[in-house]
Amino acid sequence: MEIITIIILVLIIIYLMFAIIKQKKTQSKDHSSVQQNLFNYFNYLLKYSNYNVIITDSKFKIIDVNDIAIKTYGYSKVELLNLYINDLRTPETISKIEEQYNIINSVGSYSFEAKHRKKDGSIFSVEISTYLIEVNNIKYYKNIVIDITARKTLEHQLLSEKYQLRTIIDASPASIWFKDTKNNFIRVNEAAAKIASKSVKEIEGKSTQEIFSVESDKYYVDDLEVINSGKPKLGIIESVTTENDVRWVRTDKIPWIDNNGNIAGVIAFALDITDYMHSVERIKMLAHAIKSVSECISITDMKDKIIFVNEAFMKTYGYSEEELIGNNIAIIRSKVFSKEAKNILTETLKGGWKGEIINKRKDGTEFPIYLSTSVIKDENENLIALIGVAADITEAKKSRDELIKAKEKAEEINRLKTSFLANMSHELRTPMIGILGFSEILREELNNPQHRDMIDTIITSSNRLLNTLNLLLDLSRIESSTEELNLNNLNISSTVEQIVKSFEGAVKRKNLFLKLTILDDKVSSYLDNRTFEGITNNLLNNAIKFTSKGGVEVFVLSEMINNKPFAVIKVADTGIGIPKESQQIIFEEFRQVSEGLNRMYDGSGLGLTITKKTVELMNGKISVGSTEGVGSTFTICFPASVTGNILPIEKAITTEQHLYNADKRINVLIVENDKTNREFMKMVLKKYYSVDETDDGKSAINLASQKNYAIIFMDIGLGLEMNGIQAAAEIRKISGYEKIPIVAVTAYAMESDKEFFLSQGLSYFLPKPFSKNDLLGLANQILDSN
Ligand code: ADP
């Protein structure tokens, strides 16, 4: 283009020279005609230009255009010659005109880009080359206008492609970098910068050594391989050590070829696979764990095909991995298929199953397992496999069976022990009546003081024996949990008062005082009367036993403990006291303060053990406070159901003399097959009543049908033919005997026994052994209430 323009210009100059010469020659011709000729010549030249040519005067008014321009702009020539060149420009490119013409005027020509508008309003990009032409000092401008729309589009496309490429590189999650052959970073994207924990700016232009000091050389070896071979290297897995941590990347390196086809370096694409590597590690660890656990683990697909088994599984079932993988899991199932096992699949699909089943080894032997199953789901919650964890429980089952057997045996022994206890209770108590009862009777008959001493010793020894026997039985009962409590709302003060009174004789014998102080006479608690009496008796017994001067004081009071009311009973003595270190052990079985061969006090060491256990059975607590040589205070407390006024009442204890009303007109029948007992009862009763006796049920019925008895004392165990309950039932059938008191006399002395007898038509219950007073007291009570 430039050459053409220059040619045109040269031509124009030549022409002008000719014109000037001609003008000089034809001086007669006027100025305007010269000009006209000039333009005509322009026209001629314009015709042959391949571009739009627009000629303006110094005021930029279009004074000529070529045909190409007419075609381009869509105006007619006339229309164009009425326009200024600025009229063809879009408004935004007009502003620069002044600046552009200043250059043209000073330099002579200027090329610039602008936007022109056609007649139809369409706009197109142009490159304008404007030349200043001066003819006879008059300025003209010749504008050669080239449509550069296509070039602009191309430029735009190139730019946009460049931009897209940049965007792709920068936005790529993969790290991308360009390195030259000298191991320097030329261009890196954001992701690459992130791996290095740096910004793009901090990396570009730097050597690899500066950015990754640790692995720089290693990377360069790979780079050189690519540079030297001109071939890509793919799938390199390597670590990246940065200031903060170590990351893992998977890199593809390809040669970077420049415009001349030479290798300018490497282009690398890398993915950060740190998370993936960590999960791989985790999976490896889990796989290792599963492989090495002692439970047998199997994974099956949804068609029951085995897809995984661990070492333990293979070892336990005796198969190799090859024999199992791909096979149906049914090969390990036994034919002994329990009902439960049928639900395994259904239950597993619902979430899981746990239980015991029988499985089969490769050698055909069967063994029990504890199996727990569950499902494996994919990320979309679809079931993909089933997992089973099984433990061989052959040994566990064996020991469990043994344990069950042992437990059954222990229970059996316990049952035997209880029944043994019941029998012993019967067998030991019964003869005690003979010993104690006759001793008491004999005592009254003996006048020789020496004999009296002997009989007193027999009575004391028997009582001691009986007491020990009772304690042992109580303890056994508590331990075999057969102790039955009959809880009633018990008024504490009146109950304690009665008990305290019964110790009057004992304290008198030892020349001690006995005081009862009631601070709350209303306080009551839900307690078993008999057991409570046992507890209080024991405390009083001990207090008297371990006191030789002074005496014993009993307190009944109520107290708030943790905002709850309690009934409190204190038994305080002025006895020998208990050393601090022994205050806890005395509640243990068979423990005493003075033990061994030198012990100073007799006793079984069971009293406080039983007391503590029974106190606790009734939700109570027992404690002791004591100073050696000063005395001891035992305190028991039970949750109170009622409490009352707190008023000190001091009771003076007096012994109540039992008076039995003798009436020989009253007939009493004794049915008892144990001769000693029968004799004892007869001896006691005959003093006051008219007594008949027999040793079997049948003759008892006979006697009853012949005579009216006010009371029948009926032994329960009367031998094989007829027991006491059957005999009583028969007697009840005799007219007049429907309501006559029949007393169950028995060594079956437990509370439950009493209830049983009373429910079988017997009216009263007299447990063996009993004393003279017990027997007469009951007779008196019966006669009083009837
Ligand atoms: P036992 O009295 O039959 O030996 P206990 O279990 O009732 O059995 O009492 C255990 C021991 O506690 C007694 O041997 C005695 O050493 C001591 N002990 C109990 N009560 C008192 C007390 N009031 N004063 C002193 N020592 C006592």
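Order of appearance sets the numbers: ligands from 1, and atoms from 1 within every ligand.
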Just jot down the ligand 1 atoms closer than 4.0 angstrom to any heavy atom of [X], in number order.
X: Leu606; value: 6 (O), 8 (O)
X: Gly607; value: 5 (P), 6 (O), 7 (O), 8 (O)
X: Gly577; value: 25 (C)
X: Lys545; value: 1 (P), 2 (O), 3 (O)

Where on [X] is there a heavy atom closer than 4.0 Å to ligand 1, on the side chain, on the backbone, on both, or on neither?
X: Phe634; result: side chain
X: Leu608; result: both
X: Asn541; result: neither

Worksheet item: Have Gln583 and Ser626 got a donor and an acceptor in their side chains that come within less than 3.5 Å?
Response: no
Worksheet item: So, Thr460 and Asn463: side-chain donor and acceptor under 3.5 Å apart, yes or no?
Response: no
Item to complete: State, with a plain yes or no, whether a side-chain heavy atom of Phe532 is found less than 4.5 Å away from one of Thr495.
Response: yes
Discussion item. For ligand 1 and Thr609, I'd like to know whether there is a polar contact (N/O to N/O, distance under 3.5 Å).
Written reply: no
I'd like to know if [X] and [Y] make a salt bridge, using a cut-off of under 4.0 Å between side-chain N and carboxylate O.
X: Glu730; Y: Lys733; answer: yes
X: Glu395; Y: Lys398; answer: yes
X: Lys407; Y: Glu412; answer: no

Item to complete: Would you tell me which option among Val624, Ile576, Ile586 has the nearest heavy-atom contact to atom 17 (C) of ligand 1?
Response: Ile586
Fill in: Aromatic plane relationship, Phe765 with Phe757 - under 30° parallel, 30 to 60° tilted, over 60° perpendicular
parallel
Worksheet item: Can a non-hydrogen atom of Gly575 be found less than 4.0 Å from any atom of ligand 1?
Response: no
